[in-house]
Novice: 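Next up is a structure, given as structure tokens.
Quick note on labels: first sequence line is chain A, next is B, and so on, each numbered from 1.
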Amino acid sequence: MNWLIDLFILTLVIVCAIAAISVRDLLSTAILFGAYSFMMCLLWAIMGAVDVAFTEASVGAGVSTVFFVAAVFRTTRRTKD
Amino acid sequence: MRYIGLFIVILCGALLLYATQDFPAWGDPNSPASSHVSPHYIQKSIEETSVPNLVTSVLADYRSFDTMFETTVIFCAGLACLLLLRTFIQERGNWYYRHIPTEVTLHIKDARRIPKDIKDFERIDTLWVPYDLIIKTVCRICIPFIQLFAFYVVAHGDFSPGGGFQGGVIFGASLILLAIAFDLRTAIERLDEFKLGVLSALGVFLYAGIGMLCMILGGSFLDYSQLSKIFPVDPVHIRALGMLGVEIGVGISVMAVMAIIYINIASEGRQDEGL
Amino acid sequence: MHEFFMEIVDKYNYWLYIILMMIGLYAMIVKNNLIKKLVGMNIFQTAIILFYISIGYKEDATLPIIVNAHGVHSPEELAINTAEYINPLPHVLMLTAIVVSVATLGVALALSVKVYQQYKTLEEDEIRMRIRESSL
Amino acid sequence: MSAYPALVITIPLLATFVGTGCYWLNRKLCYPVALLGLAGSLYTSVCLLIKVMAKGSIGHYHAGWTPPWGIEYRVDLLNSFVLVIIGSVALINLVASYLNIEQEMSEKSGIFYPLYLLFVTGLSGVVITGDLFNLYVLLEVTSLSAYALIAMGSKDRAPLASLNYVFIGVIGASFFLLGTGYLYIMTGSLNMVNVGALLPELYSSQAILVGFVFCIIGVWIKMAFFPLHVWLPNAYTYAPIAASRVIAPLMTKAMVYVMIRLMLTVFRPEYIYAVLDLQNVIVWLSCLAIVAGAVMALAQKNVMKMLTYIIVSEIGYMVGGAWLGNQAGMTGSVLHILNDALMTFCLFLAVGNIGVLGKGFRLDSLQGIFQKMPVTMACFVLGGLSIIGVPPTCGFFSKWYLLNGAIQAGHYAFLVALLLSSLVNVILFFRIFEIGFFEPMSHGHTYAHQSGGAIQEAPISMLVPLILVSFGLLVVGLYSGLIVQQIIVPFLT
């Protein structure tokens, strides 16, 4: 059962990573990156690295995403690839 | 470029995969990584530092020097954002004011402004959207609890997951939430650039200062047990207290820097309006 | 061949990080948009963090927080078995690495905002075109 | 006192925080605080060097934990030697660049100084630390401040150049981290000496090999070894002059030091030279780097960019010398860290003084420069001669050791590359001398010709450091036998 959850999250991590770099809108990229970070945080929590997961939840999924959104707000959403 | 990139990436992947065969089995408790240095931390942490959260004790005591530079990295990023983006030149742009009783918006050109002490007018962003009551109210209720949680995370880092860094980020996130839910000026009024700048330096200074104090007292850098010479606590327990002091420093610094980075990116360094 | 395959299946966490690292590196090298490159950079860094966390993992072990430590004054009261707790050292290192990555991200975003102010675009080829135009 | 190793780092670090506080409280104090911090750091590192020469290596255990559990600073001859170079270059540059900084940054200069200090702190830390992960963290401190400092340069190009540096620098640092992870998973330790002691049993392991490859590639990226140098020329050219003058001489040299440290302390020579059979490949690569750097320097029309390509070529000397696999080569390589830092520093100082004229750095804008700035150009000539390798200057001696090493190793391609690049350097510098000294003013600038006779020398605060450094070139050249005997040979044996 445990490995099923594991596998599910692993797939989601990879899907989010690929989606984040291939979607053609920078705001979506930022949000997908947030999702990626959150999935990563779950993965680490499963592996027992609670402190790291905690940090990643607050930094990766929280503050980094906000930074990205702020930067996209100040620049542009347009992207060619 | 695409093919060169693909080639490099596949080369790296192949190299790493090649090395993976040699690794100890996954989750093996007898692998070198788990049997050489780390058992000491697990066995002795309580005895030597009286902190049950091993990550905190390694982070803030055994490898505290790393952590000082980790905080310095963050501080450096804050300074860098300030240096790169901050502009002091006010553009002769268009400013918008709202007359609160009548809800009429005034458009004022050439950077003239309505005096601050007239309460009937409030400045609004160029890309202003009408206030959303729900978001504002919910945020107003949430923010104190978020900040309280941040303090808890810092203070309870010795016993449960958490510590200065996470607490600082959460506190900084509460400031960012304030800026997003209301507007940037509201957040800056609460903690202006002067306070943030001084706090960011003060936090790391606290860390390095504790380290220096230990050195002055005759130990090596960051050797908290020396602090027991001036505080009436035994040398083992003082380590836990030293860690707490250090974590508070980290928290202050990280909080300030997160706010500095956000404010400067969101306002392109003008610090008047933004996301 | 079969043995090699089994080897890989046994260590699936190790090759997951390789895949993520390849994705991140690919984005950093090939993508044209600066923000995309930054996302790739962060994926690359998290992949390395995942690798370190995998080093620290132990089968059948619990979180690196000593249980029942509240109120214990003499360490002899606690019998600590090393195999029961996950290796804390990689976690500590990775906390630092996460912090470094967010600091780098902040600086890089500030730089890309500055680049945008200058060239009004985030696409690398367009920027290169502008530079060529202005130097002519 | 055993606290000196910690003081080298903590004095400038504390000065950084105090300086930042001063920016908000009283801006006039920023510069004196920065100066004091660097002077303190230099003083302690000189003390360290003297002490280490007398008594052998000194260790400092941070937080009082013995290695491998805590972080150790291990100071031996090589460290303290490089530390002194870093401290003195940083201090002299801060004095020389005061006017530049105040002029270019105006009200932001108060933030510039703390970042400058952080850069120097990080660099000294990289050099002094004995812990692999600590090295990574300090590397990031250095790089982050370098990104910010570089991006403050020319308004249109510097941010992009810096951003490119960020991308490549992060790949380099992450590769180093990954390599460290491979070493950690196989040995379980992060302390350099401890890892070095544990490695011999694992020499045949593939993971160690891959870890080694990633560490070295990461360091190479950071030091701009030839195929990985793409970030360097733009970043250094468009940086503000005050920053490029400290980053260009120090950053790459500190990375060469890290490479030598990895080779000698962590992986040990028996692994590097006996187990791995990479020497030939890497010496060939460095020959390529030397020649390519020289050729690309020849193609440049901007003095600053030309100097950056010369740095790329000089990196080739040091990497090649270290990998020749004999003592003469290694001696030449270590001595060249000092000499190259001094030579590039001298040249960059001189070019910075030329920048005072405000005419830019294009080669054709240098006409008549010898008449306008006789002192600056005299020092520039000295620096140029040193890069070429003319005997009384220091550049000659390290090249001599490198040539000796190449002959001993029987690696004649390296010999040819060295001589070829010296030849190219002759062409490069004599081209500049020719333009600056002999070429008559073009006819369209008759007015400039008349005023060309007038001396427009740089301010005295910029001239004195330059003269000091160019004297240093001669002094180091004359005493290089002493340096080799007292510092380098005892370290290597």
Novice: Chain D heavy atoms under 4.5 Å from B:Leu16: which part of the residue, side chain, backbone, both or neither?
Specialist: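 Answer is both: backbone and side chain atoms of B:Leu16 are under 4.5 Å from chain D.
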Novice: With a 4.5 angstrom heavy-atom cut-off, could you sort out which part of D:Thr10 is near chain B: side chain, backbone, both or neither?
Specialist: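 Contact with chain B involves the side chain of D:Thr10 alone.
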Novice: With a 4.5 angstrom heavy-atom cut-off, is it the side chain or the backbone of B:Ser31 that approaches chain D, or both, or neither?
Specialist: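 Neither part, no heavy atoms under 4.5 Å.
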Novice: Nearest 0.5 Å please: distance from the CE atom of B:Met212 over to the CD1 atom of D:Ile11.
Specialist: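 If I round to the nearest 0.5 Å, the distance is 6.0 Å.
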Novice: Can you tell which part of B:Cys76 gets under 4.5 Å to a heavy atom of chain D, answering side chain, backbone, both or neither?
Specialist: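 Interface part for B:Cys76: both.
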Novice: Determine the minimum heavy-atom distance between B:Phe221 and D:His60, stating which atoms define it.
Specialist: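 So the minimum-distance heavy-atom pair works out to N-NE2, 3.4 Å.
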Novice: Check each atom of D:Tyr182 against the heavy atoms of chain B and say whether the ones under 4.5 Å are side chain, backbone, both or neither.
Specialist: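 For D:Tyr182, the contact with chain B is made by the side chain alone.
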Novice: Write down the atom of B:Leu83, the atom of D:Ala148, and the distance for their closest heavy-atom approach.
Specialist: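 Closest approach of B:Leu83 to D:Ala148: CD2-O, 4.2 Å.
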Novice: Of all of D:Ala151, D:Ser189, D:Gly70, which one pairs up most often with chain B through heavy atoms under 4.5 Å apart?
Specialist: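 Between D:Ala151, D:Ser189, D:Gly70, the count favours D:Ser189.
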Novice: Has B:Tyr41 got a side-chain atom pairing as donor or acceptor with D:Trp69's backbone, closer than 3.5 angstrom?
Specialist: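 Yes, B:Tyr41 side chain to D:Trp69 backbone: donor-acceptor pair under 3.5 Å.
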Novice: What distance separates D:Ser145 OG from B:Phe75 CZ, expressed to the nearest 0.5 Å?
Specialist: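 Answer rounded to 0.5 Å: 11.0 Å.
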Novice: Over 60° means perpendicular and under 30° means parallel, so classify the ring planes of D:His62 and B:Phe65, tilted if in between.
Specialist: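 It falls in the parallel class, under 30°.
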Novice: Which bit of B:Gln226 is near chain D, if near means a heavy-atom gap under 4.5 Å: side chain, backbone, both or neither?
Specialist: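 It is neither, since no heavy atom gets under 4.5 Å.
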Novice: For the interface with chain D, which of B:Ala208, B:Ala80, B:Gly197 has the highest count of heavy-atom pairs at distances below 4.5 Å?
Specialist: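 Greatest number of close heavy-atom pairs with chain D: B:Gly197.
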Novice: Nearest heavy-atom pair of B:Arg63 and D:Phe133: which atoms, and what distance?
Specialist: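 Looking at all heavy atoms of both residues, the shortest contact is NH2-CB, 3.6 Å.
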Novice: What are the two closest heavy atoms between B:Pro32 and D:Ile185, and how far apart are they?
Specialist: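 Scanning both residues completely, I find the closest heavy atoms to be CG-O, 3.7 Å.
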Novice: Side chains of D:Ile71 and B:Asp66: does their closest heavy-atom pair fall under 4.5 Å?
Specialist: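 Of all side-chain heavy-atom pairs linking B:Asp66 with D:Ile71, at least one is under 4.5 Å.
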Novice: Which bit of D:Ile217 comes within less than 4.5 Å of chain B, counting heavy atoms only: side chain, backbone, both or neither?
Specialist: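 Neither part, no heavy atoms under 4.5 Å.
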Novice: For chain D, which of B:Val204, B:Val198, B:Leu82 has the most heavy-atom pairs under 4.5 Å?
Specialist: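 Greatest number of close heavy-atom pairs with chain D: B:Val204.
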Novice: Any donor-acceptor pair under 3.5 Å linking the side chain of D:Lys108 with the backbone of B:Arg86?
Specialist: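 Indeed, once roles are kept as given, a pair shorter than 3.5 Å links the two residues.
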Novice: So, for B:Val73 and D:Leu144, which heavy atoms are closest and what is the spacing to 0.1 Å?
Specialist: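 B:Val73 and D:Leu144 have their closest heavy atoms at CG1-CD1, 3.4 Å.
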Novice: Heavy atoms under 4.5 Å from chain B: which residues of residues 14-21 of chain D carry them?
Specialist: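 Listed by number, the contacting residues are D:Leu14, D:Thr16, D:Phe17, D:Val18, D:Thr20, D:Gly21.
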Novice: Do the side chains of D:Leu7 and B:Met215 get nearer than 4.5 Å, heavy atoms only?
Specialist: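 Yes, close enough: below the 4.5 Å cut-off.
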Novice: Please state whether the side chain, the backbone, both or neither of D:Asp131 comes within less than 4.5 Å of a heavy atom of chain B.
Specialist: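 It is the side chain, since no backbone atom gets that close.
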Novice: In terms of heavy-atom proximity below 4.5 Å to chain B, should D:Tyr136 be classed as side chain, backbone, both, or neither?
Specialist: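 For D:Tyr136, no heavy atom lies under 4.5 Å from chain B.
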Novice: Quick one: closest heavy-atom pair of B:Phe194 and D:Trp24, and the distance?
Specialist: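 Looks like CE1-O, 3.5 Å.
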Novice: Take D:Val137 and B:Thr67, measure what side-chain contact (heavy atoms from CB on, under 4.5 Å) needs, and give me the verdict at the end.
Specialist: CA-CA 9 Å; D:Val137 178; B:Thr67 314; over 6 Å; no
Novice: Looking at B:Ser220 and D:Tyr61, would you say the former's side chain and the latter's main chain have a donor-acceptor pair under 3.5 Å?
Specialist: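 Present.
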Novice: Can you tell me how far the CG atom of D:Leu118 sits from the OG1 atom of B:Thr72, to the nearest 0.5 Å?
Specialist: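 Answer for the CG-OG1 pair, D:Leu118 versus B:Thr72, is 7.0 Å.
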Novice: Atom OG1 of D:Thr142 and atom CZ of B:Phe69: how far apart are they, to the nearest 0.5 Å?
Specialist: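 One finds 9.0 Å between OG1 of D:Thr142 and CZ of B:Phe69.
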Novice: Compute whether any side-chain donor of one residue and acceptor of the other, for B:Asp223 and D:Trp65, lie under 3.5 angstrom apart.
Specialist: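 Distance-only check fails for B:Asp223 and D:Trp65.
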Novice: Give the intermediate values and the outcome of side chain to side chain donor-acceptor pair (under 3.5 Å) for residues D:Asn194 and B:His36.
Specialist: CA-CA 11 Å; D:Asn194 195 235; B:His36 179 51; 2.8 Å; yes
Novice: Heavy-atom cut-off 4.5 Å, strictly under: side chain, backbone, both or neither for D:Ile9 against chain B?
Specialist: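 For D:Ile9, the contact with chain B is made by the side chain alone.
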